Amino acid sequence: MIDDPLVKKLLSHIVEREHEENLKKRFKETYVGEAPDGIDNLIIALGLPQEDIRDIAEDIKTTVEKTILPIIKALNDGIETDEEIAEKTGIKLNIVRKMLYKLYDLKIANYKRSKDPETQWFTYSWKFEEEELIKQIREECDNDLNELNAELEKEQNNMFFICPLRHVRYTFDEASDEEFLCVCGEALEFEDNSEIIKNLESKINLLENDLNSFNKKIK
């Protein structure tokens with residue numbers, strides 16, 4: 001179950017948040033105004049080259065598969081302390097601790113603190129919260145499916161008109177209000193959105209299949 005694509009997708013949010021914060025700092029150093037939320041919106045706003053986008057995607061994938069998943073697997077095998085996890089996985093202790101607290105923030109990991117009566121040092125015993133992970137994956141999939149289905153319904157039930165320079169995309173009613181003219185002065189053109197509908201249907205089918213497969217694994 002740990003290697004399931006939906007598990008990897010949820011865990012990727014941990015790394016995405018780090019990149020999002022870095023991109024927000026970059027935005028503020030370059031532009032005036034509030035930085036947009038979401039890594040995808042920041043990539044667009046900054047106009048990142050394809051090479052940078054590929055590097056971010058590769059870092060997210062590598063961190064999930066080479067760092068976060070091995071730590072979760074160690075917890076799932078009953079290894080409790082950060083030192084033991086570092087020894088088992090070969091991951092640096094400071095990185096193990098950092099990721100454990102990020103998992104804790106997501107409520108996917110929890111810990112108990114105990115004090116050694118002789119040394120007076122605290123020991124943290126960590127535990128993987130599998131039920132919470134399952135719950136979050138199902139909730140995220142439900143939200144994504146609701147959004148995709150709403151988007152599909154809008155595409156199926158409307159006619160769309162676009163600026164030939166791609167400045168705007170309007171429904172028929174919106175285009176009528178603007179007298180079928182873009183703010184740039186170009187006449188709006190009818191858009192055949194059949195490919196958009198096909199892509200949305202494909203995304204919905206893929207996500208439904210992934211969710212069904214995930215649910216079978218945890219029964």
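Computed from a predicted model, the values in this text were never measured in an experiment.
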For this session: Please check if the side chain of Q136 supplies one atom and the backbone of L106 the other of a donor-acceptor pair under 3.5 Å.
Result: yes
For this session: To the nearest 0.5 Å, tell me how far E191 CD sits from S194 OG.
Result: 9.0 Å
Exercise. Closest heavy-atom contact between P164 and E189?
Worked result: CB-OE2, 3.7 Å
Exercise. Does E83 pair with R97 as a salt bridge, N-O distance under 4.0 Å?
Worked result: yes
Exercise. Is any side-chain heavy atom of I134 less than 4.5 Å from a side-chain heavy atom of R138?
Worked result: yes
Exercise. Does the pair L188 and I162 meet the rule for a side-chain contact (heavy atoms from CB on, under 4.5 Å), with working shown?
Worked result: CA-CA 5 Å; L188 299 178; I162 58 171; 6.0 Å; no
Problem set entry | Check ion pair K73-D3 (N to O, under 4.0 angstrom) | yes
Exercise. Should the heavy atoms of other residues, nucleotides or ligands under 6.0 Å from CD of E153 be counted, would the total exceed 12?
Worked result: no
For this session: Treating Ile, Leu, Val, Met, Phe, Trp and Tyr as nodes and any side-chain heavy-atom pair under 4.5 angstrom as an edge, say whether F160 and L152 lie in one connected cluster.
Result: no
Problem set entry | Of T63, I56, I60, the residue whose pairing with E16 passes side chain to side chain contact (heavy atoms under 4.5 Å, CB included) | I60
For this session: Give me the one residue out of L11, V7, I85 that meets side chain to side chain contact (heavy atoms under 4.5 Å, CB included) with I72.
Result: L11
Problem set entry | Flag, side chain of D59 to backbone of D55, donor-acceptor distance under 3.5 Å | no
Exercise. Which class fits the ring pair F161 and F172: parallel under 30°, tilted 30 to 60°, perpendicular over 60°?
Worked result: tilted
Problem set entry | Donor-acceptor contact below 3.5 Å, side chain N41 vs main chain D37 | yes
Problem set entry | NZ on K198 to CG on L200, rounded to 0.5 Å | 12.5 Å
Exercise. Can you check side-chain hydrogen bond (donor to acceptor under 3.5 Å, both in side chains) on T171 and D173, steps first, answer last?
Worked result: CA-CA 6 Å; T171 63; D173 289 341; 5.4 Å; no
Seminar exercise, completed: When rounded to the nearest 0.5 Å, the distance separating CD1 of I39 from OG of S12 is 9.0 Å
Problem set entry | Steps toward side-chain contact (heavy atoms from CB on, under 4.5 Å) verdict (V15, T67) | CA-CA 11 Å; V15 196; T67 304; over 6 Å; no
Exercise. Considering all heavy atoms of both residues, which atom of A187 and which atom of L181 are nearest to each other, and what is their separation?
Worked result: CA-CD2, 3.9 Å
For this session: Check for a donor-acceptor pair, side chain of S213 on one end and backbone N or O of D210 on the other, with a separation under 3.5 Å.
Result: no
For this session: Specify whether Y31 and F27 have parallel, tilted or perpendicular ring planes, treating 30° as the upper limit for parallel and 60° as the lower limit for perpendicular.
Result: tilted
Problem set entry | Separation of L6 CG from L207 CG (nearest 0.5 Å) | 6.5 Å
Exercise. Do the side chain of D82 and the main chain of V96 share a donor and acceptor less than 3.5 angstrom apart?
Worked result: no
Problem set entry | Donor + acceptor pair across side chains of H13, E140 (<3.5 Å) | yes
Exercise. Ignoring hydrogens and geometry, is there a side-chain-to-backbone donor-acceptor pair from T30 to R26 under 3.5 Å?
Worked result: yes
Exercise. Between N146 (side chain) and D142 (backbone), is there a donor-acceptor pair under 3.5 Å?
Worked result: yes
For this session: May I ask you to decide whether E18 forms a salt bridge with K102, counting only side-chain N to carboxylate O separations under 4.0 Å?
Result: yes
Exercise. Which distance, rounded to the nearest 0.5 Å, do you find between the CZ of R113 and the OG1 of T123?
Worked result: 10.5 Å
Problem set entry | Flag, side chain of E208 to backbone of N205, donor-acceptor distance under 3.5 Å | no
Problem set entry | Close side-chain approach of K8 to E65, heavy-atom, < 4.5 Å | yes
Exercise. So, D77 side chain and I79 main chain: donor-acceptor pair closer than 3.5 Å or not?
Worked result: no
For this session: For the residue pair I95 and K92, establish whether any side-chain heavy-atom pair is separated by less than 4.5 Å.
Result: yes
For this session: Check whether any side-chain heavy atom of L133 sits under 4.5 Å from a side-chain heavy atom of F128, and report yes or no.
Result: yes
Exercise. Of the non-hydrogen atoms in I218 and M1, which two are nearest, and what is the gap between them?
Worked result: CG2-CG, 3.4 Å
Exercise. Do the rings of Y111 and W126 sit parallel, tilted or perpendicular, given the 30° and 60° boundaries?
Worked result: tilted
For this session: For E20 and G38, indicate whether the former's side chain and the latter's backbone hold a donor-acceptor pair under 3.5 Å.
Result: yes
